[in-house]
Amino acid sequence: MRRFFSTVSLRFRDMADVTAEYQAVARIPTPISAFIANQCADDGKIPTGDHSSPRSFLVRATWSQRDLVRMEKSTTLKSYLVKVNRAGVVEKMQLGVGTDNSSEKVVAYSKDGSLKAVLTKFKPKKSDEEKEVIEIHSSVGKVATNDLTATKRHGKFYFDGELGSFHLAPSEDRESTHVLYVAEKYHPKSDSFFSVIANQFPDDPELRNKSIGTEFEYRDDWGEQLQKKNQPVMCILDWNDNHVSILQNIPEGISPGQPIWTPDGTGVVFVGYDHAPERLGLVYCPIRKSRLYHLAIGQSKMALPLTFIDLAVRTPRFSPDGKSLIYLETEVGGPHFRALRLMKIDCSAGSFAAPSVVVPVPESPVKATDFPGLYSQTFPTRCWSADNKRVVMSTAWRSTHQIIAINVKTKAVISLTTGDLIKTLPKWEVLDVSDDLIIASASSPSVCPCVYCARLPEAGAEASIVWTLLDQGGGTDVTVDKEVGLIDWGVEVIKHKKSGLDFEAIWVRPSLKQKHPVILWPHGGPHSVIAAGFDIFVHTLVRLDFAVIFVNYRGSVGFGESNLRSLLGKIGENDVEDCFRALDVLLGKWNLTEGETDILVQGGSHGGFLAAHLIGQFPGIFRACCLRNPVINLASMFGTTDIPDWTYVEAGFDYHYDNPPITPPYLELLKHSPIAHAEKVTTPTLILLGEKDRRVPPGQGMEFYRALKLLNVPTKVIRYPECDHPIAEVDAESDSFVHMVKWFQQFGRK
C-alpha cells in the first residue's frame, strides 16, 4: 500500500497523483436505502407480534457509487439474512454478491415484499424519445411492463422528494394491482405558428388555444432542482391492464405532492402546496404554505383538508394499524429550515380527528445532551414500531446526526445512538423500520459509511438497544482500513461570551503532526449543519495532506431555536466572526500560525457568501479561496432567485407572502453582501458555477469575478452547463475537486 502521509509536509502533488487519490475515495459506496422483507419465525410461520421466538428477515440495501469511467453514479443491490430474538440481532449474513440495479430509478415494495414496482427509463431502438416504464416483479419474474409515455395521460414522472411519490397499494391478499405516483400534468406538444397543422386547421380552438405557438412560453415552476415542474397530478396505474387514472377533485390553486395510500387502499392523503400568488422554491425550504388533504378514490367529493390554514406541512405517515397519521409542521415563512413540530391525527373508520402536537419546538437546550428539537425534513417511508406507539427517525443534534424514538402516547423523545457510539460514529441515518427491526447507516470522518441493524426494545427500555454491524461497505477494503489510523478528527466547542451561545467546529487532519495547509470550510444555508460524517472531498483532501475545519456557526440547526434565530439580520457579521474565531482557536490548538502554513478558504452557497466575506473582511490572511455558487449580492439576487424571501429574512426583514414586495430595500441588502467588501480583496479566487442553478443564479458569481478582474486580483471561473445548485453531477463534481486543489497549490507556498 502506498503511504499517503509522511513526516514531511507534501504541499505540492501533481495532477495524476491528485486524480488517483480522488478515484480511490470516490469508489467508496454509500448506503442510500433499504427494505426489510419476508419476516417469519424459525418454524416458517408468520409471527403473531411477540418477540419470544427467533425470527428471520430478508434485508435488501441499495448502495450508491461514483463511476469515474462512465461519469455517472451506479447503484448495487445487496441482500442479507438477519435473525432477531428478544435480546436483539443474534445472527446475520450477506447473501451472495451484489447486483447492479442502476436502471431502477425508483422502487416500491408491497407490504409483504412479494411484489416490487420499478420505474425505469430507456430509449427504444430507432427512436430518440425516452420512455418511462413501470415494471412489476414477483418471485416468478417480471409480471407486467407498463409504458407511461405511450398513455399520454400525463407528462414526466416526478422523482423528487418534495412532490414525488411511488407506492404500491396496500393489500392483505396480494391481489392489488395499483401503483400511486406523481407526474407533470399533460401538456399537448406545441407546434409553431407556421406549422402545417396550424395552417391546415386555423379555426380549431383546441389547437389555437393550447398547442400552437406555445413552445417557448414560460411556465412558473417550483424552482431549484424542480425545473419544469409546474402542475403536478396524482396518478394511479392499474398495472394489470395498463390503465392510468388521474385523480380529480383537487382544490383550485394547489399543487398536490407526497401522496400516500390510506391503510385500506380506498383513498390517499397528500400535501397540497398553495401556489398563489407565486411558486417559490421547495427544495431545502419546508416552510411553504400547505395543508394535508384526504381524497376518497372513486367518489365525487372534493379532497377534505385535515390541517389548519396558514401552516406548512410535509411527509404524512400512517401507523401500521391505521389509527394514527403523523406529519411534520411549522409556520409559513421565516428561516428556511428550523425545528419542526411532530403532529398526530387520530383516525377511525375513514374519519380524521383534529391534529394534536406530539413533539413541540422545545425551549433552547441548556446542555449538549438536551434534545434540541426536530431538525429533519422527512421520515423514513416506514418509521413506526410494531406496537404503533413509537416513531423512529433521524435528526440533526449539534454536530451529530442521531436516531431517536418518539413515543406518540407519552411524547417522550429518546436517543437510540448515545454515549460512546455517537462519539465513534457521529452521523446516523434511518433507512427502514419494520416489525421493530431498524436498518441504519453510520459513518465518521475516518470511517466509511456502514450499515447497522438493531431490534427496537420495548417502550421504556430503549436505552438497552444494541447495534450490530451488518455491512462495512468500503471499510472492507484493506487500504481504507489502514487509512483510518492516519486521520485525526474531533469537534471543538467554542463559547461566544457576549451572547452566551456556543457553536462547534469539526476538524479533520492528517494524524502525523506536520505543518499542513488548513482549509476553512463554512457550510451553506445558513440554517443547516455539517454532521461529523464521512465526506469524499474531505477524505481525499486529508490524503493530500490538507487539514479541514468545518464551522457550525451560530445560526446552524441542531443547537436550539435561540441559537438559530440569533443570526437573522446578522449575516455577514455573526457567522463571519464565528468562522474566523474557529480558525484562530484551532490554529492555536495545533501550534500553527498564518506565517507557518497556508490558510485557505472554500464554501458553497451561503458558505460561499461567508468565504467571500472572509477574504474581504480579513485581507491578506487567506492565500487562496474557492467559491461554489456563492451568494455575492443580496440586492441583485432578490429578483433572480427562486427564494426571494430568503434575502429578506436573513437580512432581518419580514417577507409578506400574501402581498410580496416588488422592490426590495436595496441598500440594506447590499450592506450584508460580500460585494460591499470587494475592493479590499487580495486573495486569488476560483469560482465554480452551475449554469442551471436557480437558487443562487450564476450571475452572482460572475459579479464577483468582474469585480476581482477589475481589481487585478487573480481569479478564474469554471461553469458547468448541466449542473444546478449542488454541482453534483459526477463529471462536474470530480472536475471541481481537481480544480480546487490545483488552485490551492498554485497560490500556496511551494
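Just so we're clear, the structure is a prediction, and the values are computed from it rather than from any experiment.
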Candidate list P445, S444, P449, test side-chain contact (heavy atoms from CB on, under 4.5 Å), partner V447, passing option: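 The option that passes is S444.
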What distance separates [X] [atom1] from [Y] [atom2], expressed to the nearest 0.5 Å?
| X | Y | atom1 | atom2 | answer |
| --- | --- | --- | --- | --- |
| D693 | C723 | CG | SG | 9.5 Å |
| T715 | F704 | OG1 | CZ | 8.0 Å |
| L686 | Q746 | CG | CD | 9.5 Å |
| I599 | L614 | CD1 | CG | 12.0 Å |
| Y553 | I494 | OH | CD1 | 14.0 Å |
| E679 | L710 | CD | CG | 10.5 Å |

Worked verdict on R288 versus D645 for salt bridge (Lys or Arg N to Asp or Glu O under 4.0 Å): CA-CA 11 Å; R288 301 302 179 210; D645 55 323; 2.8 Å; yes
Give a yes or no answer on whether the side chain of [X] reaches the backbone of [Y] with a donor-acceptor pair at less than 3.5 Å.
| X | Y | answer |
| --- | --- | --- |
| S394 | V430 | yes |
| S673 | A676 | no |
| E224 | H725 | yes |
| N552 | A505 | no |
| H401 | W428 | yes |
| T395 | L374 | no |
| S415 | T417 | yes |
| Q700 | I632 | yes |
| T683 | F622 | yes |
| D578 | V551 | no |

Do [X] and [Y] come close enough that some side-chain heavy atom pair is under 4.5 Å?
| X | Y | value |
| --- | --- | --- |
| L689 | I718 | no |
| F534 | K427 | no |
| E504 | F550 | no |
| Q23 | R66 | no |
| V631 | L634 | yes |
| L592 | K515 | yes |
| C579 | L520 | yes |
| D598 | F546 | no |

[X] ring center near [Y] ring center (under 6.0 Å):
| X | Y | answer |
| --- | --- | --- |
| W507 | W521 | no |
| F580 | F618 | yes |
| Y22 | F737 | yes |
| H336 | Y284 | no |
| F638 | Y666 | no |

Test log, rule side chain to side chain contact (heavy atoms under 4.5 Å, CB included), inputs V730 and L68: CA-CA 7 Å; V730 173; L68 294 181; 3.6 Å; yes
Heavy atoms from other residues, nucleotides or ligands near [atom1] of [X] exceed 12 (cutoff 6.0 Å):
| X | atom1 | value |
| --- | --- | --- |
| R719 | CZ | yes |
| K680 | NZ | yes |
| D654 | CG | no |

Quick one: do the [X] and [Y] side chains pair a donor with an acceptor below 3.5 Å?
| X | Y | answer |
| --- | --- | --- |
| S736 | R628 | yes |
| T540 | E21 | no |
| S441 | E429 | no |
| H739 | K742 | no |
| H527 | E650 | yes |
| D735 | Y720 | yes |
| E596 | T593 | yes |
| H496 | S499 | yes |
| S556 | H523 | yes |
| E703 | N633 | yes |

Do the ring planes of [X] and [Y] sit parallel (below 30°), tilted (30 to 60°) or perpendicular (above 60°)?
| X | Y | answer |
| --- | --- | --- |
| F337 | Y375 | perpendicular |
| F609 | H613 | perpendicular |
| W646 | H606 | perpendicular |

Stepwise side chain to side chain contact (heavy atoms under 4.5 Å, CB included) check, S511 with I487: CA-CA 5 Å; S511 59; I487 295 174; 6.0 Å; no
Electrostatic pair D724:R694 at N-O distance under 4.0 angstrom: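 Salt bridge flag = no for R694 with D724.
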Over all heavy atoms of both residues, which pair between [X] and [Y] is shortest? Give the atoms and the distance, please.
| X | Y | answer |
| --- | --- | --- |
| A24 | R543 | CB-NH2, 3.2 Å |
| L711 | A678 | CD1-O, 3.2 Å |
| W743 | P714 | CZ2-O, 3.8 Å |
| W489 | P426 | CH2-CG, 3.4 Å |
| S376 | M393 | CB-CE, 3.8 Å |

CA sep, side-chain torsions, deciding dist, call: I404, F371, side chain to side chain contact (heavy atoms under 4.5 Å, CB included): CA-CA 10 Å; I404 58 174; F371 174 60; 4.2 Å; yes
Positive for salt bridge (charged side-chain N to carboxylate O under 4.0 Å, His left out) with D502, one of R554, R398, K495: R398
Summary of salt bridge (Lys or Arg N to Asp or Glu O under 4.0 Å) pairs that have at least one residue in residues 581-590, sequence neighbours excluded: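 Only E492-K589 qualify under salt bridge (Lys or Arg N to Asp or Glu O under 4.0 Å).
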Check against side chain to side chain contact (heavy atoms under 4.5 Å, CB included), V508 and D488: CA-CA 6 Å; V508 190; D488 277 349; over 6 Å; no
